[in-house]
Amino acid sequence: MKFTRFALSILLTASPLAAQSTTPAKPTAPKITVVKAARLVDPKTGTVVTNAMIIVQDDKVTQVGSGLTVPAGAEVIDLKGATILPGLIDCHTHITSQPSDYYEDIFRKSPIDYAVTAHVYARRTIEAGFTTVRDVGSAEYIDVALKRAIDKGDVVGPRIVPVGLAISSTGGHGDLTGFSPYVKIEGLSGVADGVAEIRKLVRNNVKYGADVIKVLAGGGVLSEEENVGGPQFTQEELNALVDEAGMWGRKVAAHAHGAEPIKRAIRAGVASVEHASLIDDEGIRLAKEHGTYLVMDVYNDDYILAEYGRMGYPEKILAKERQVGRTQRENFKKAFEAGVKMAFGTDAGVYPHGWNAKQFAHMVRWGMTPMQAIQAATVNAADLLGRSGKVGELSAGSYADLIAVAGDPLKDVTELERVTFVMKGGAVIKGGKSDK
Ligand code: ARG
């Protein structure tokens with residue numbers, strides 16, 4: 001769509017006029033809800049509150065504790081013996097897509113197919129207890145469109161922090177590689193080479209709604225380029241990308257499996273390294289020094305090796321997965337024990353949406369306590385997203401985003417795979433009958 005100068009001037013003047021003619025809405029009484037349950041896991045302090053009550057006014061929490069007085073006229077949701085937690089956060093999803101067949105995914109589906117089904121995955125994600133996700137790459141800004149529809153209340157789903165187009169080099173993880181030079185797929189391109197193109201693509205992403213910038217700093221598994229561990233941008237390019245993103249107030253998430261691209265990304269100043277499978281000792285040291293988060297998708301390997309052959313993915317892709325899978329888990333343990341900051345991210349969309357919580361058991365198996373795994377998916381994730389105090393915790397002023405599970409997730413972390421209640425911004429999405 002192109003605006004004429006005239007149309008633009010109408011647009012610019014219309015809104016103040018419209019605002020003047022609207023009669024001010026009558027203030028409605030705030031809606032007070034009280035949610036109570038046997039236990040509340042508080043990841044911020046790493047403690048458990050028994051006989052917990054959370055007082056919610058409209059979309060925010062006003063009070064959290066035990067033995068609070070129920071305000072007059074409040075609706076009470078009694079979750080009885082359940083355990084409440086803040087809504088979970090997944091820092092690495094591709095919420096607009098899910099693979100089914102290699103050939104179909106590349107050649108039959110268009111961005112319209114993805115746009116049509118994205119809302120289904122959004123609902124599955126929030127019903128699984130994930131009330132906030134960072135979407136780290138979708139075609140054609142579908143993630144931004146989905147976020148807007150959710151924020152408006154037209155679609156049910158988590159709060160989305162979108163990246164828009166993930167930025168790839170030519171022949172890199174985000175480029176269609178491995179086919180004839182005559183095979184071209186049309187659409188908005190996330191490919192940029194050299195400082196000038198990269199800066200321009202960052203600007204376009206910001207212009208079209210990206211809250212975070214995602215760069216594909218090195219090779220990938222599920223793409224046909226040969227080297228999963230290799231770098232795909234120079235240090236100079238990454239430095240410029242992080243600098244440009246920072247100018248617009250955006251953090252950067254860098255996809256990197258290999259030791260070298262991981263280190264380049266950290267040196268450039270990214271906020272998080274995604275996957276980080278082959279990180280070496282120097283990378284671990286640098287991540288600690290720079291306070292860089294690692295977002296390691298340590299469940300993924302199981303699903304890819306079990307299902308992707310059947311879905312027609314070529315052997316060279318499966319071979320790359322075998323190269324990183326086990327080592328990634330060992331390095332998760334090593335980096336965590338060395339004191340590197342970890343935020344929860346699954347790559348859901350590579351496997352079915354709604355299965356996000358399956359990763360908790362792997363994080364516990366590879367060195368975390370259940371509380372630490374929960375902290376990765378709440379307070380740490382909120383910190384990485386720059387949203388501490390709003391999400392990932394339940395405290396006065398935070399969004400009333402909360403979930404419940406029947407048992408005790410600190411004893412059995414797989415309880416998080418069976419979320420029975422979800423509230424987002426004070427609205428019940430799943431479960432929980434109120435007492436009146
Ligand atoms: N999206 C990632 C890629 O293609 C998936 C990597 C999955 N493997 C893993 N072990 N985490 O590179």
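In listed order, ligands and their atoms are each counted from 1.
Nearest non-hydrogen protein atom to atom 8 (N) of ligand 1 is Glu321 OE1, 2.7 Å. Protein heavy atom closest to atom 5 (C) of ligand 1, with residue, atom name and distance, is Asp347 OD2, 3.2 Å. Closest to atom 3 (C) of ligand 1, if we only count protein heavy atoms, is Val221 N, 3.4 Å.
Nearest heavy-atom pair across Val221 and His173 is N-CE1, 4.2 Å. For the residue pair Leu394 and Asp401, the shortest heavy atom distance occurs at CD2-O, 3.6 Å. Taking every heavy atom of both residues into account, Gly194 and Glu237 meet most closely at N-OE2, 2.7 Å. Smallest separation of non-hydrogen atoms from Thr131 and Met423: CG2-O, 4.0 Å.
Each of Thr93, Thr96, Ile150 was compared with Ile160 under the side chain to side chain contact (heavy atoms under 4.5 Å, CB included) criterion, and only Ile150 meets it. Residue Lys334 forms a side chain to side chain contact (heavy atoms under 4.5 Å, CB included) with just one option from Asp281, Thr327, Ile279, and that option is Asp281. Among the candidates Ile54, Ile77, Ile55, the single residue satisfying the side chain to side chain contact (heavy atoms under 4.5 Å, CB included) test with Thr33 is Ile77.
In the vicinity of Gly220, heavy-atom distances shorter than 4.0 Å reach the ligand 1 atoms 12 (O). Close approach to His173 involves these atoms of ligand 1, each under 4.0 Å from a residue heavy atom: 3 (C), 4 (O), 12 (O).
Residue His257 places a heavy atom under 4.0 Å from ligand 1. Heavy atoms of Lys320 stay at 4.0 angstrom or farther from ligand 1. Under a 4.0 angstrom heavy-atom cut-off, His255 registers as being in contact with ligand 1.
Looking at Glu226 and Lys316, no side-chain N of the basic residue comes within less than 4.0 Å of a carboxylate O on the acidic one, giving no salt bridge.
Every N/O-N/O distance between Asp301 and ligand 1 stays at or above 3.5 Å. At least one N or O atom of Gln328 sits closer than 3.5 Å to an N or O atom of ligand 1. In terms of polar-atom proximity, defined here as any N/O pair under 3.5 Å, Asp297 does make such a contact with ligand 1. Considering both main-chain and side-chain atoms, Val350 never comes within under 3.5 Å of ligand 1 through any nitrogen or oxygen pair. Taking distance alone, with nitrogen or oxygen atoms compared against 3.5 Å, Leu222 approaches ligand 1 more closely than that limit.
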Phe360/Phe344 under ring-ring contact (aromatic ring centres under 6.0 Å, His included): CA gap, chis, key distance, verdict
CA-CA 9 Å; Phe360 285 109; Phe344 184 95; 4.5 Å; yes
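There is a side-chain donor-acceptor pair under 3.5 Å between Gln328 and Asp297.
If you look at Val324 next to ligand 1, the close heavy atoms, those under 4.0 Å, all belong to the side chain. Looking at Met296 against ligand 1, nothing comes within 4.0 Å, counting heavy atoms. If you look at Val228 next to ligand 1, there are no close heavy atoms at all, none under 4.0 Å.
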